Structures are given as C-alpha cells and as structure tokens.
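Heavy atoms only: backbone and side chains are in, while hydrogens, waters and symmetry mates are out. Note that the structure is predicted; figures quoted are calculated from it, not measured. Throughout, a chain's letter reflects where its sequence line sits, starting with A, and its residues are numbered from 1.
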Amino acid sequence: MNGPSKPFLNLDRRRFLQGVSLAGAAGLVGMPFGRAFAAEPEKPKEIIVRAWGGSWVDSLKKGVSDPFTEATGIAVRHDLTEDNEIQPKVWAAVAQKRVPPIHINWDTTTNATKSALRGVTEDLSDLSNLAGVTELAKPVGLDGYPIVNTYGYVYVLAYRPSAFPNGAPKSWKDLLDPKFKGRIALYNDGIGFHFPAQVAGGGKLEDIPGNMQPAWDFIAKIKEQEPLLGEDPDFTAWFQKGEIDAACTISTNAREAKANGVDIAWTVPEEGAKYDTDGLWIPKGLPENELYWAKQYINFAITKDAQQVWLDGLGLPGVVPGVNPPADLVGDPSYPTTEADFKKLIRISSKVQVEHESEWFGKFKEIMQG
Amino acid sequence: MRPSRTSYPLSYPLSWRLMDALEAVAAAIWPRSFSAAVPWLMLLPAVVLVGLLVLGLWDMADGSFRTLDTATFLPSDDYSLANYDRAFSEKLFFTVASRSLIGSLIVTVVTLVFAFPYSYVMVRTRSAALRKFLLIALFLPFFIGQVVRAYGWLIILGSQGMVNEALGLVGVAPIRLLYNYPAVLFGLVQYMLPFAVLMLAPALTAIPEEMESAAGSLGANWVRTFIHVVLPLAKPGFIGAGLVVLTLSLTDFAIPAILGGGSQDFIANAIYDQFFRTSDQGMGATLALLLVAVGSIMVGVVFALFGAGTLAMGRSK
C-alpha cells in the first residue's frame, strides 16, 4: 500500500512551485499564469476548502491540504458544510456580488455542473497540470474546465457476508429476497441506484432519460422491501449497529466501515453499477490574489504525488496516470483501471443527470414516501 | 438673590448630580411630551423582527411564482402558478402533507393526554421534593437538543439497542422499532411533552383548589369533579398547549428525518429537499408558504372555535 512517502511530505517550496506554476507558464493557454514569472500575488492567510467529513476530509488533508500549506505557508481550513447546503450560499454570494464563503468547493460533478450552468464557477482551463490528466478530469458537456474532476467512484452493492452465505450477491435483484425486508439501504435521493435499477427492471441504458419506467418499476419492488434511506454516514452506522445487511453506497464508505471493524464486502452486480466523479471548483467573486492561490491548490491536487496520497485514503481511482491503487483494492471492481472494469460500470453524462435530477428525485421520493 | 438651578449646596451628593445630568440628557433626547410613545418605542425591536420576517416571506412569495430553468439553474423571469400547480397535483406532496397534518394532530392529542396528569401532579402536589423532581425532569430535555434526543432514541430503540436487548433476555427476537411512522410520532410526543406541560401548568395553577373541594363536598366523585370542574376550567391551557404542540409538530424537521429512516418525511423535509437537493428554490418557497398558510388557517380555526386560551393573556378576545 502506498502511504505518504517521506520525500513527498518533505516537498520543498521550489519543487512545489515548479510543479504548479512554471509548467503552466511554459505551456498553456492561460495568460494569468504569466504572472508566475512576475511577483507572486499576495498570499492570503488561509484558504477555505469545503469538504466531506470523516475519512474524506482526512484524506484530503493528508494528501493535498497539508503539503500545500507546507509548501506555500497558506493555511487550509476545511469547511464541512454539506455540499447541498453550501451551494445556495455560494449562489447567493455570487448573485449579490459578495465574496463567497469558500475558496474551493469539493463537490459532486452533478452538483458542480449545476453551479457551472448557473455561471458561478471560475474557468480553470489555465491550470498547468491539466496537461497531464486523463480524459476523466474534463467535465462532459461543459465548455472549458469550470470544474476539474479529480477521481471517479462506484456505487457498489455493499453487503454483510454473513447474510449472503452462498457468496456475493450476483444481481441487484437479490435484494428482493424476503429475508432482506427492512434490511437494505439506499441513498435518500436514490442517487446511485436509478441506472442499475433501469437494467434490473428490464430496461436499457440507452433509454435514459426518455423511458425510465423499468427503473421505477424495479424501485417500486425495492420499496416493498422497506429500505432505509440515508446519507453516507448513515450507511456506516447502520452496518455497525446491525440494522442492515446490504446497501447501495459509494465504495469509500464500505471501505471505511470495513476499516472500522465491520464485517462488510462489496461487489458490482451483473447489471452494473453507477460510476461517477467528484471534482473541485472555485466560485466567482474572490479577490484576485485569493483566486490565484485557490487555483494553485487545485493545480496541486491533480499532481501525481497529491493524488497518490489523497486517493489512497479514499480508495478511488484518480485522473493522473501512474497513480497506484491501494494494496487492498488491486483488482477490486470498485477501483476500475482496465477497459474490462469500465464495461461493468454505468456512466451517464452529468448534463443529463442535472437536467433530470429534479424529476428523478421526485419520482423516487414519490415511490419511497408512498 | 436666588441661586441658579445648577448651583448645588456642597452637601448635594455626587450621585444625585449625576442623575440630574442624565435626566437632563434624557429629557433633551426624549422630551416628556413624548412619553405616550414610550410603549411603542419598546415594541420597536419586535416590530423590526416581524417586519424582517414579512420581508423574507415577501421575497419567498416572489420566488414561489418563478420556475427553475434547468439549463441555467436560474429562476425564470416570468411569473407563473406552475409551482403551485405542482404542489397541488403531485402525489409526493399530497402524501407528505397529509402525513404531516395527521401526524401533528395525533401528536397534539397524545401529548395533551400525557401532559395533563403531569401538570396536575406538579401543580397540586404537597411535596416540594416531588414538585422539584418533576420540574427538573421537565426542564432537563431543554438542555439536550432535539437532534441529540433523537439520536438517543436510536441507541435505545435500535436493533441492537437497549429495548431489543431486554426483549432478547426473555427470548424475543429483535424487532424493528425505528424508521417508521409510529417511531416519528413517538419521538415528537417525547419532544413536545415539556412544551405542553409548561403551557398547561399556569392554567391549572389558576384553578382554585377550593373549587375541587367544593365539588367534592357537594357529592361529586373525582371523575365528575374532573369532568365538570377541572377540565372546563383548564380549557385555556389545553388550547394554548394544543396550538403550540400542533404548530411545532406540523413544522418539525429533525425527528422525521432521524427517526423516519428517510421514508417518513414531513413537509419541512420536503421543503429542505427542494431548497438543498434539487436546487429548486421556487418550489421550496411554494411549499414553505403553503405550510405557513395551512398552519395559520388551523390556528385561526381553533381561535374561532375555542378562543385563544392562555395565548389570549387573560383577555376575552
């Protein structure tokens, strides 16, 4: 397993700036990076990065924030406000031409796409390290880089092995077994489950978003199983407290539960599992110097060294070639690396998701609240 | 020659001079002729607060007539009734609204039933120790937030919680006590009980004990005394407590969210979803305004039928 290597943590200022500024000045479109040759903009005392809590923020701190502070002297404060809750605050700040409450938003690509469509995101096309990232870093269906995707993740079927004595569940339909009544969990907005449900319900992915009826039919069957509906921390708690035997959740949460001593495993069923991305973006309205350093933070987050440590903690595949998977995830379906791995996964463009999210959310809620 | 008004004898204490000076400054700022306006001045902070609330509601009302454009995630420039049409036609909102309304009514009735004997014993007991114990038991939950209390129920009622462990001792297999409608109602009753007791207690205190003694001496047993004397005289307390519990239950967010397992949403949860999950602030504003309207109508109906109870502050109207 690749932990934080000593030389990396001892990253000196020269190496850091070499990585994030000079390469950009040397090559890319971005005229702003011409400033790298001139005097650095004034450093703010701190920059604020919105993040998810638990192992998510711990990993970010270890892999990105701490080395960034070490190299620049700029403190990084993590704001753990929920991504859904910071969004209207940022939108309001931009609309009212106020300085936004955060410098960087670590966000789901779907949520970030909404902000990009609304026009509250800074363009990040001039980040020098974008030259070395994979196609995954580019948000689909948007011009430029209003968001930089930083890794992908899979909504796996996490399960308690003792509840599946015949081995890992092969299909999402296995959750319809009467013995799992009241013992399964989904996200409370249905995220991660719509697309595999479309396949499990006998539909085709090509029919999304035009005809999602098979998905709704399958979700209605799942409703009969009286699933619990929650958020990331709920799944870990429910597994720990013996409330559930299976859940559709991000592999990181399952891995965290396992690290906490919960007997848990995960799989990608035959219908496939949703594959999505998270990213980093900067809201409009920051003072010039703070914008500059916020960009440097994101630029650093997409270096191989930062990704290696950050994503080791999350157990997720990044956007920089050559990042090694953690030892426990080599060959794991939740850590896709090969063409064959990706064939098992379902990826729908963020734009389609954003345009139909409200409608899908309403339909899912209607079934689950009925 | 008369001494000037500002020349004091040496014995005149300094504090008096200071008070005179302050009075002079106060008179310059707020002349005595303005004294009739003093009560209104004292009311000003409350008026400002209510005014801000009204401004917020006005802003929400404006937003409720604008639909979300999912191509730009901006509210429409045009006004329409589309959000209200959705609110009245979509099954989800009907389900959640009826659950909230029925739930708040059940919670109100059950809470009042539990709160009355508690208040009665607290008010009538001759034992100071018991009264103190009941008061402490009443106020303790106020120091523990609603969310923490709800999480406490997760520990007690969970599949591996204390209740199921106790049931296990007598050979009963674990049963699902949480994440259903009864669990939400139970949590709400527990949360609302102190509010109801605090509203009922003053009304019961106002009933002279001699009235009950007189009924007894005229031959009424305790049941008849209770029905014909105590209950009618406690009516203002029941109305006040009922209104507080009803409105708080109707608008509650945390208990349905935590004890409902995600499938027992109340209106407040649906409003949250619109504001924060689907980013549809217009729809969220619509639901919020409808909630305010429904709550106000319910309160208005109670006022019209039964009066304002203790909330009338002793006035007949």
Side-chain angles (χ1 to χ4, degrees), chain A residues 81-92 95 110-111 113-120 181-183 185-191 223 225-231 234 237-238 240-245 351-370, chain B residues 59 63 67-75 86-87 89-100 151 154-155 157-161 164-165 174-181 256-267 269-270 272-284:
Chain A
T81 306
E82 266 297 306
D83 52 344
N84 293 320
E85 291 173 10
I86 201 77
Q87 184 178 269
K89 293 181 185 175
V90 171
W91 287 7
T110 307
N111 251 349
T113 300
K114 290 184 201 171
S115 296
L117 291 171
R118 193 173 163 111
V120 303
K181 190 161 190 170
R183 305 285 306 167
L186 304 174
Y187 282 99
N188 52 18
D189 49 6
I191 193 169
K223 159 69 180 168
Q225 292 290 79
E226 297 175 6
L228 300 189
L229 305 172
E231 304 272 359
D234 296 322
W238 287 336
Q240 277 177 330
K241 290 177 180 169
E243 298 281 356
I244 56 172
D245 293 325
K351 198 160 183 295
V352 170
Q353 292 190 58
V354 161
E355 283 171 356
H356 296 274
E357 186 195 47
S358 182
E359 170 197 337
W360 295 344
F361 177 82
K363 188 73 188 169
F364 181 85
K365 278 275 181 181
E366 184 183 308
I367 294 169
M368 289 300 167
Q369 294 291 330
Chain B
D59 196 47
T67 50
L68 179 71
D69 177 359
T70 55
T72 61
F73 274 82
L74 289 166
R86 278 185 63 197
S89 62
E90 288 189 14
K91 193 182 161 199
L92 168 66
F93 300 129
F94 176 77
T95 305
V96 171
S98 34
R99 178 183 297 135
S100 311
Y151 274 104
L154 297 186
I155 294 166
L157 300 176
S159 292
Q160 295 175 352
N164 269 313
E165 277 187 13
I175 48 175
R176 173 57 58 77
L177 299 168
L178 287 170
Y179 312 126
N180 47 41
Y181 196 40
I258 297 169
L259 299 183
S263 59
Q264 305 297 330
D265 285 358
F266 273 31
I267 303 177
N269 306 94
Y272 175 92
D273 286 342
Q274 294 303 324
F275 273 111
F276 296 108
R277 286 194 201 284
T278 62
S279 312
D280 192 343
Q281 299 186 359
M283 193 65 217

Which atoms of [X] come close to chain A, meaning under 4.5 Å heavy atom to heavy atom: side chain ones, backbone ones, both, or neither?
X	answer
R176(B)	side chain
A71(B)	backbone
T95(B)	side chain
Q281(B)	side chain

Query raised in the report: Should the heavy atoms of other residues, nucleotides or ligands under 6.0 Å from NZ of K351(A) be counted, would the total exceed 12?
Result: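 No, not enclosed.
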
Requested in this report: Please state whether the side chain, the backbone, both or neither of Q240(A) comes within less than 4.5 Å of a heavy atom of chain B.
Outcome: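 Backbone only.
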
Query raised in the report: Quick one: what part of E355(A) sits under 4.5 Å from any heavy atom of chain B, side chain, backbone, both or neither?
Result: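 Interface part for E355(A): both.
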
Query raised in the report: Where is the tightest heavy-atom contact between F73(B) and R118(A), given as atom of each residue plus distance?
Result: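 That closest heavy-atom pairing would be O-NH1, 2.7 Å.
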
Query raised in the report: Most heavy-atom pairs under 4.5 angstrom with chain A, which of L178(B), N180(B), L92(B)?
Result: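 Answer, by heavy-atom pair count under 4.5 Å with chain A: L92(B).
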
Requested in this report: Heavy atoms only, distances under 4.5 angstrom: which of Y272(B), F275(B), F94(B) has the most pairs with chain A? Name it, please.
Outcome: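 Highest number of heavy-atom pairs under 4.5 Å: Y272(B).
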
Report task. Among the options K241(A), K363(A), M368(A), pick out the one with the most heavy-atom pairs lying under 4.5 Å from chain B. Result ->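 Among K241(A), K363(A), M368(A), the one with the most close pairs to chain B is K241(A).
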
Query raised in the report: For chain B, which of E231(A), E226(A), E82(A), K223(A) has the most heavy-atom pairs under 4.5 Å?
Result: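 Top option by heavy-atom pairs under 4.5 Å: E231(A).
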
Query raised in the report: Using a distance-only test with no angle check, is there a side-chain donor-acceptor pair under 3.5 angstrom linking T110(A) and E357(A)?
Result: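 No, no side-chain donor-acceptor pair sits under 3.5 Å.
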
